[in-house]
Peer 1: 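Would you mind keeping the following structure in view while I ask a few things?
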Amino acid sequence: MKQFPTHRTLTPLTVACCLFFSPLIFAKASEMKPSTTQESANPTVEQAITVGRIWPAVRVGFCLLTQGDRQYVAYYNADRRMTVAVRSLNDEKFTEFVLPSKSNEPPKQVGPSSTIQGWDSHNYITMTIDSGGDLHLAGNMHAGALTYFRTDKPGDFTTLRQVDPMVGKPEGHCTYPRFMSGPEGVLLFHYRDGYSGNGQEIYNAYDVQSRTWRRFLDKPLISGLGKSSAYQRGPVFGPDGWYHLIWMWRDTSAVETNHDLSYARSRNLKDWETAGGEPLPLPITINNKNTVIDPVPVKGGLHNSNHQIAFDSKGRAVVSYFKHDPAGNTQAYVARFDGGKWKTHQVSQWEGHHLFSGGGSGASTFGTSLSLGTLRKYGTGKLSLPFDHWKAGSGSLVIDEETLALIEVARSSGKTQRYPADLVKVKSNFPGMLVNWAESLGKPTEAGVQYVLRWETLGTNRDRPREGALPPAGDLVLYKIKTAQ
């Protein structure tokens, strides 16, 4: 979701701010292991600025937005209040503004919106700036009331005020807010209305002149018909001129009820069709069997944090995911539409059944873990799929681009690449702490550098309060990092 596209690129503007769209962003130091084929010298820190103090009892996504010569940070402070901080790139200090709240308590699924942080790791914050210069912010909601702020005066973040409603019903049970840039640069806002197992996907469009929102689609793009919900990835604008969308259905709040990995595409985000060109009236539902990539059943091993869509060197969409094989071992798969049908390929030969069940954010509590990165081009005629497996370790599955067959497994060396090695290590002495990162949305004005936020917290806890002692408030630090060449 790399920011501020001006034409046709639809990339959700939250990847650096959201736990659920970038599961590898929040990783233990020991898990940050790139493939040996991707190694380079460690990046170096050019600048470090403390933004503020944060409540480290649970991890949740913060947001860093760089626009021109200004930077904006949205986070929850040590008092658990949603806060926006801003600086000019030449400044050594941020100026903070604490957002008002309609409630004195964290948000609930029934009740007013709130800007006070609770225990729910779904409640990340995301931001964008429209073409008129207004800052937009949304967050702190999991099947709760829409929480959305916009500046009254472009460039003045102290004029952020809550806009309620944005358009109108349904805005009472919102999750996964995302700002996007759609066709012709129109600003879009997407969220799920409803719950796990009972949701629909809503898209709004913003008019910069009137400073108002309207429905982009008259009907939900996808609806679970009150019986399920869709866990989307995308839409992503591909090199082939199509917007590509994948999702899996879930029947209840329990992650093991994911099933039926599915796909649709569009030229304009309004008119949708199957990979084979069959029109899809909206909303798309589970009854549209012609959208299914792989009819994985309930308890078949689909996990909604690990399905991805990427493109090979010929611009063809390739989908990656994991599921259980016929023997019960959990394997990595890739799929591509070819010859009028979806062809799926198992690309791993792992042993072990990944155990996961129940609802709420958090790693498996059953002693297994598995994550897949984003499929990427790898030299000539090859693709590479990063993985981290509780038994097989870390590495990349190298795949033949034409046959999608496994060629080799490239093992990790354990060396760090993306961030300086000393920053990857946990500095807190409190047990169980993790390093969290948020990379900047927008493009840096200076070549060869990246801006990132770093902070330490405990991990997720199934979105439930912790018992016992909690870590003291910690620092949220902005780093300017010279990237490795």
Side-chain angles (χ1 to χ4, degrees), residues 1-18 20-22 61 63 65 67 72 74 124-139 141 146-151 154 163-171 174-194 199-223 230-238 241-247 264-273 280 282-284 309 441-443:
M1 314 179 212
K2 314 306 187 221
Q3 272 38 83
F4 308 115
T6 58
H7 177 68
R8 284 192 137 191
T9 301
L10 184 62
T11 45
L13 301 181
T14 51
V15 72
C17 305
C18 168
F20 303 96
F21 301 113
S22 187
C63 195
L65 174 63
Q67 170 77 334
Y72 301 84
Y124 62 87
I125 312 172
T126 186
M127 296 184 291
T128 193
I129 295 178
D130 66 37
S131 60
D134 272 317
L135 179 67
H136 301 253
L137 177 150
M141 50 187 127
L146 178 64
T147 304
Y148 162 68
F149 286 77
R150 187 196 63 225
T151 51
V163 179
D164 184 15
M166 175 182 276
V167 175
K169 294 181 180 179
E171 293 182 0
C174 303
T175 310
Y176 307 130
R178 294 188 297 166
F179 294 106
M180 310 175 184
S181 182
E184 308 305 323
V186 63
L187 176 62
L188 302 180
F189 180 71
H190 162 240
Y191 62 93
R192 184 190 73 193
D193 166 63
Q200 55 185 355
E201 304 299 320
I202 306 296
Y203 288 78
N204 296 336
Y206 188 68
D207 184 276
V208 175
Q209 299 303 317
S210 65
R211 303 175 82 239
T212 58
W213 291 90
R214 59 176 172 80
R215 289 280 183 258
F216 180 69
L217 299 172
D218 294 333
K219 297 179 181 180
L221 175 56
I222 302 178
S223 173
Y231 280 81
Q232 295 187 184
R233 190 75 66 173
V236 176
F237 185 73
W242 289 89
Y243 293 98
H244 301 261
L245 177 67
I246 61 171
W247 69 94
R265 67 181 185 179
S266 174
R267 290 286 190 187
N268 56 15
L269 297 178
K270 288 183 176 290
D271 304 301
W272 290 84
E273 63 181 53
L280 290 168
L282 301 186
I284 302 169
I309 188 166
L441 306 181
K443 297 180 180 179

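The model shown is predicted, which means the values in this text are computed figures rather than measured ones.
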Peer 1: Please round to the nearest 0.5 Å and tell me the distance separating atom CD1 of Ile309 and atom CD of Gln232.
Peer 2: 12.0 Å

Peer 1: Got Tyr72 and Met127 here, is their nearest side-chain heavy-atom distance under 4.5 Å?
Peer 2: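 Yes, their side chains come closer than 4.5 Å.
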
Peer 1: Would you say Pro177 and Tyr124 make side-chain contact, with heavy atoms under 4.5 Å?
Peer 2: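 SC-SC contact between Pro177 and Tyr124 confirmed.
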
Peer 1: Check the pair Trp242 / Glu273 against side chain to side chain contact (heavy atoms under 4.5 Å, CB included), numbers first and verdict last.
Peer 2: CA-CA 11 Å; Trp242 289 89; Glu273 63 181 53; 3.3 Å; yes

Peer 1: Looking at side-chain heavy atoms only, is the closest gap between Tyr148 and Asp164 below 4.5 Å?
Peer 2: no

Peer 1: Within the structure provided, determine whether Phe179 and Tyr206 are in side-chain contact (heavy-atom separation under 4.5 Å).
Peer 2: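 Answer no - side chains too far apart.
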
Peer 1: Does the side chain of Ile202 reach to within under 4.5 Å of the side chain of Val167, using non-hydrogen atoms?
Peer 2: no

Peer 1: Would you say the side chains of Asp271 and Ser266 form a donor-acceptor pair under 3.5 Å?
Peer 2: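 No, Ser266 and Asp271 have no side-chain donor paired with an acceptor closer than 3.5 Å.
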
Peer 1: Hey, what do you get for CZ (Phe237) to CZ (Arg267), rounding to the nearest 0.5 Å?
Peer 2: 8.0 Å

Peer 1: Minimum heavy-atom separation for Pro170 and Arg215, please, with both atom names.
Peer 2: CD-NH2, 3.3 Å

Peer 1: Determine whether Gln200 and Pro283 make a side-chain contact, defined as any pair of heavy atoms from C-beta on separated by less than 4.5 Å.
Peer 2: no

Peer 1: Looking at CD1 of Ile129 and CG of Leu137, how far apart are the two atoms once the value is rounded to the nearest 0.5 Å?
Peer 2: 11.0 Å

Peer 1: Flag yes if more than 12 heavy atoms outside Lys270 fall under 6.0 Å of its NZ atom; otherwise flag no.
Peer 2: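 Counting neighbours around NZ of Lys270, more than 12 heavy atoms of other residues, nucleotides or ligands fall under 6.0 Å, so yes.
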
Peer 1: Determine, step by step, whether Gln209 and Asp207 satisfy the side chain to side chain contact (heavy atoms under 4.5 Å, CB included) criterion, reporting the C-alpha distance in whole Å, the side-chain angles of both residues, the deciding distance to 0.1 Å, and the verdict.
Peer 2: CA-CA 6 Å; Gln209 299 303 317; Asp207 184 276; 3.4 Å; yes

Peer 1: Output all residues satisfying salt bridge (charged side-chain N to carboxylate O under 4.0 Å, His left out) with Asp193, sequence neighbours left out; order by chain, then residue number.
Peer 2: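 Not a single residue meets the salt bridge (charged side-chain N to carboxylate O under 4.0 Å, His left out) criterion with Asp193.
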
Peer 1: With rounding to the nearest 0.5 Å, note down the distance linking CG in Leu441 to SG in Cys63.
Peer 2: 4.5 Å

Peer 1: Does any part of the side chain of Glu171, heavy atoms only, come nearer than 4.5 Å to the side chain of Met166, both counted from C-beta?
Peer 2: yes

Peer 1: First locate atom OG1 of Thr151, then atom NE2 of His136, and finally report the distance between them rounded to the nearest 0.5 Å.
Peer 2: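 The NE2 atom of His136 is 6.5 Å from OG1 of Thr151, to the nearest 0.5 Å.
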
Peer 1: Does the side chain of Tyr243 pick up a donor-acceptor pair with the side chain of Trp272 at under 3.5 Å?
Peer 2: no

Peer 1: Please tell me if the side chains of Leu187 and Val208 come closer than 4.5 Å, counting only heavy atoms from C-beta onward.
Peer 2: no

Peer 1: With rounding to the nearest 0.5 Å, note down the distance linking CD1 in Ile125 to CG in Leu65.
Peer 2: 13.0 Å

Peer 1: Could you check Thr128 against Leu135 for side chain to side chain contact (heavy atoms under 4.5 Å, CB included), going step by step and ending with a plain yes or no?
Peer 2: CA-CA 6 Å; Thr128 193; Leu135 179 67; over 6 Å; no

Peer 1: Taking ring pair (Phe, Tyr, Trp, His ring centres under 6.0 Å) as the test, write out the residues that go with His190, two or more places apart.
Peer 2: Tyr203

Peer 1: Over all heavy atoms of both residues, which pair between Leu269 and Pro183 is shortest? Give the atoms and the distance, please.
Peer 2: CD1-CD, 3.4 Å

Peer 1: If you compare all heavy atoms of Pro235 against all heavy atoms of Arg178, which two are closest, and at what distance to 0.1 Å?
Peer 2: CD-NH2, 4.2 Å

Peer 1: Over all heavy atoms of both residues, which pair between Ala205 and Val186 is shortest? Give the atoms and the distance, please.
Peer 2: CB-CG2, 4.1 Å

Peer 1: Between Arg214 and Asn204, is any side-chain donor less than 3.5 angstrom from a side-chain acceptor?
Peer 2: no

Peer 1: May I ask you to say whether Asp134 pairs ionically with Arg211, meaning some side-chain N is under 4.0 Å from a carboxylate O?
Peer 2: yes

Peer 1: Do side-chain atoms of Arg192 reach the backbone of Tyr231 as a donor and acceptor pair under 3.5 angstrom?
Peer 2: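 No, the answer is negative, given that no donor and acceptor are paired below the 3.5 Å cut-off.
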
